[in-house]
Q: 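The structure that follows is given in the form of structure tokens.
No experiment lies behind these values; they were computed from the predicted model shown. Chain identifiers are assigned alphabetically (A, B, ...) following the order of the sequence lines, protein sequences preceding nucleic acid strands; residue numbering begins at 1 within each chain.
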Number of protein chains: 2
Amino acid sequence: MQRQTNQRAAIEDCLHAAPHPMSLDELLQAARSQAPGLGIATVYRNLKRMVEEGAVVPVVLPEEPARYELAGKGHHHHFRCRLCHKVYDIPACIGDLGHLLPEGFRLEAHEILLFGLCRACA
Amino acid sequence: MQRQTNQRAAIEDCLHAAPHPMSLDELLQAARSQAPGLGIATVYRNLKRMVEEGAVVPVVLPEEPARYELAGKGHHHHFRCRLCHKVYDIPACIGDLGHLLPEGFRLEAHEILLFGLCRACA
DNA sequence: GTCGTTGCAAAGCGTTTGCAGCCTA
DNA sequence: TAGGCTGCAAACGCTTTGCAACGAC
């Protein structure tokens with residue numbers, strides 16, 4: 001049976017408050033203000049469980065550490081700024097990608113990564 | 001100045017012969033048939049240099065080790081089978097993704113990852 | 001009081017680096 | 001022959017795990 005702890009709540013709160021996917025270090029720093037002394041292993045363990053439960057989705061971009069965001073934000077994609085390296089959520093999507101696949105392949109999911117300059121850096 | 005070695009040639013040959021992006025271990029195993037005793041550090045060093053030179057492109061997918069493929073294959077994307085975990089090149093693409101971005105953002109590149117079942121597993 | 005959770009430190013694991021010897025040019 | 005390249009092993013950084021203490025229920 002699962003218990004509600006201060007540490008776990010702090011991590012969840014940070015994910016809820018985050019405007020964009022959080023890296024492990026960002027999460028650790030942010031959650032420590034609510035749960036002082038929070039250890040990094042605890043963040044790893046909780047994130048792992050949240051991902052298994054489907055509450056959190058890992059966001060992986062090339063050349064970057066993994067980030068995490070809450071699931072259930074609706075279908076969206078990600079944009080990374082080449083200069084400031086921030087990652088933004090892009091709520092839009094494009095229709096039917098199935099026609100890209102060769103005959104006989106079945107499409108179940110897709111991920112679109114966009115790269116460029118954000119408004120602040122452009 | 002750069003020297004041509006048996007090991008480097010073996011790695012290049014394997015990349016040329018590969019029908020899909022190769023992981024480091026695949027590359028090591030394959031290249032050893034042409035360069036026995038090949039060490040993993042040598043594969044890392046050569047791949048790193050090839051990427052810096054722009055001859056090779058890293059292909060990163062979530063939950064998977066990095067793979068590598070030759071650059072200059074033209075613009076394309078990748079498909080990973082959920083069951084056999086093979087990664088296929090998808091030569092197709094979709095036009096203009098710039099309209100997905102918020103006002104003021106500039107799009108420079110994109111990557112599309114597709115997931116599902118390949119023909120053999122479907 | 002039980003037992004899931006935590007923090008610390010050690011262990012794992014993939015990648016990088018230092019170095020002596022090798023081999024290309 | 002000079003110096004770039006290789007293989008080995010050690011070092012490194014990030015993630016996971018073992019374990020005793022803690023604290024939610």
Q: Rounded to whole angstroms, how far apart are CG on N46(B) and P on dG4(D)?
A: 15 Å
Q: Check this for me: does any side-chain nitrogen of one of E103(B) and R119(A) sit under 4.0 Å from a carboxylate oxygen of the other?
A: no
Q: Can you pull every protein N or O that's under 3.5 Å from an N or O on nucleotides 21-25 of chain D?
A:
residue, atom, partner, partner atom, Å
dG23(D), N2, R3(A), NH1, 2.3
dA24(D), N3, R3(A), NH1, 3.3
dC25(D), OP1, Q4(A), N, 3.4

Q: For H99(B), look at atom NE2 and say whether over 12 heavy atoms of other residues, nucleotides or ligands are found less than 6.0 Å away.
A: yes
Q: Please work out if I40(B) contacts a base, only the sugar-phosphate, or nothing of the nucleic acid, heavy-atom cut-off 4.0 Å.
A: nothing
Q: In whole angstroms, how far is the P atom of dG14(C) from the CD atom of E63(B)?
A: 15 Å
Q: Would you please name every residue forming a ring-ring contact (aromatic ring centres under 6.0 Å, His included) with H78(B), sequence neighbours left out?
A: H76(B)
Q: Considering only Ile, Leu, Val, Met, Phe, Trp and Tyr, and joining two whenever side-chain heavy atoms are under 4.5 Å apart, list the other residues clustered with V57(A).
A: none
Q: Using a cutoff of under 3.5 Å, can you pull out all pairs of nitrogen or oxygen atoms linking the protein to nucleotides 9-12 of chain C, with atom names and distances?
A:
none

Q: Do the side chains of R8(B) and E53(B) get close enough for a salt bridge, i.e. N-O under 4.0 angstrom?
A: yes
Q: Taking the six-membered ring for Trp, are the ring centroids of H110(A) and H77(B) within less than 6.0 Å of each other?
A: no
Q: Between atom CZ in R49(A) and atom P in dT16(D), what is the gap in whole Å?
A: 15 Å
Q: With a 3.5 Å cut-off and just heavy-atom distances, do the side chain of R45(A) and the base of dG7(C) make a donor-acceptor pair?
A: yes
Q: My understanding is that only residues two or more places apart in sequence, or in another chain, count here; which of them pass ring-ring contact (aromatic ring centres under 6.0 Å, His included) with F115(A)?
A: none
Q: Any chance CD of Q4(A) has more than 12 other-residue heavy atoms, nucleotides or ligands included, within less than 6.0 Å?
A: yes
Q: Any side-chain N or O of R8(B) less than 4.0 Å from the OP1 or OP2 oxygen of dG4(D)?
A: no
Q: Starting at CG of L47(A) and ending at P of dT5(C), how long is that distance when rounded to a whole Å?
A: 15 Å
Q: Starting at atom CG of L38(B), determine the distance to atom C1' of dC23(C), rounded to an integer number of angstrom.
A: 16 Å
Q: Which side chain to side chain donor-acceptor pair (under 3.5 Å) pairs, counting each pair once, include a residue from residues 31-43 of chain A, with sequence neighbours left out?
A: D13(A)-Q34(A)
Q: How many whole angstroms separate atom CD of Q34(B) from atom C1' of dT6(D)?
A: 16 Å
Q: Distance check needed: dC8(C) C1' versus L28(A) CG, whole Å only.
A: 14 Å
